[in-house]
Amino acid sequence: GPTTAIDLGGTKIAAARVQGARILERRQVPTPRTGNFDDVLAAIAGLAGDWADGVVALATTGLVDQGRLTAINPKTLDVPFGLPIEALLGARLGVPVRAMNDAQAAAWGEYRHGAGQGTGSMLFLTVSTGIGGGLVLDGRLRTGSGGLAGHVGHILADPAGPLCGCGRYGCLEAVASGPALERAGARRLGRALTCEDLFRAATTDAQAAAVLDDAAQSIASVLCSLHAALELDCAVIGGSVGLATGFLARIDTAMAQAPARLRLGIRAARLGADAGLVGVADLASS
Ligand code: BMX
Ligand code: ZN
């Protein structure tokens, strides 16, 4: 039968009944950003409490290690260090919960049922509140012994770049995530604007377009580095910013300027915002 899956991100919480690659039912609410994790647990229970049967599969932003959740960048979601999220949510829902990182789950979803089908090794990259990543290497999801594998948003993109919420300077997440684009856009255009504003402005305004191109260049550069380290078959790009109009084409253009042997083909996530739900359900039900 179907599996109940939850995707907890920095901006939204989605819940679904998932059967293979099919989403039978789906619900979504904004993530409560009160700083009190109890509000997040209550929101999940409100969203999916009546669907809790069997094992509930949770894909969540942050590092997941042995059922415990830790923020790498507390600015994307502030969670207490080592929060026993499987136990806490399991107690709320009255069923066992299996948790894993959101981008790792989405990588598996795209590999099994989406744009990564038929490849052997791929990187999934989500550009959103943060920049998340997941690696499938030779057909196996790489989580690492402590859950860190795939956190490519925290690879150095610009040594002179801004401070990342993780505590280091110049991470890809600090230069190319949604909030990073808003900051860079505000600086360059001299007015506060949302990501949507920036993408709209980029169709006519060269300054706005340059902000997006700089971010795309940073992403392409990190993709080349990962390709050099791992030799990947492709990168699959997702996330609300990653899939925003024209952004993939900008990454493609930047990639075309890289040395030929380091170029990595990129594809749009085919499961869109459902990749994490599909991937985590697949892993929890097998
Ligand atoms: C951050 C980190 C990753 C996550 C990524 C994308 C936290 C809380 N999260 O780098 O674990 O995969 O953001 O998160 O440290 P999203 O909320 O943008 O999907
Ligand atoms: Zn960082």
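Just so you know, these numbers come straight off a predicted model, no measurement behind them. Note that ligands are numbered from 1 as they come in the structure, with each ligand's atoms numbered from 1 the same way.
Protein N/O/S atoms closer than 2.8 Å to the Zn ion (ligand 2): H154 ND1, C164 SG, C166 SG, C171 SG.
Near ligand 1, heavy-atom contacts under 4.0 Å come from G9, G10, T61, G62, A71, I72, N73, T76, L77, N101, D102, S128, T129, G130, I131, G132, H151, H154, E173.
Residues G130 and T76 share a closest heavy-atom pair of CA-CG2, 3.9 Å.
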Name each donor-acceptor pair under 3.5 Å that joins a side chain in residues 40-61 to protein atoms two or more places apart or in another chain, with its distance.
unit_1 : atom_1 : unit_2 : atom_2 : d
D50    : OD1    : R27    : NH1    : 2.9
D50    : OD2    : R27    : NH2    : 3.2
D53    : OD1    : R17    : NH1    : 3.1

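Side-chain contact annotation: D233 with S121, donor-acceptor N/O pair under 3.5 Å absent.
Taken to the nearest 0.5 Å, the CH2 atom of W108 stands 14.0 Å off from the CZ atom of R142. Interatomic distance, CD of E110 versus SG of C234, reported as 9.5 Å (0.5 Å rounding). A distance of 9.0 Å separates OG in S225 from CG in L156, rounded to the nearest 0.5 Å.
Residues L172 and L181 share a single hydrophobic cluster, defined by chaining ILVMFWY side chains whose heavy atoms lie under 4.5 Å apart.
The neighbour count for R92 CZ, taken as heavy atoms of other residues, nucleotides or ligands under 6.0 Å away, is above 12.
Annotation: ring-ring contact (aromatic ring centres under 6.0 Å, His included) contacts of F37 (sequence neighbours excluded): none.
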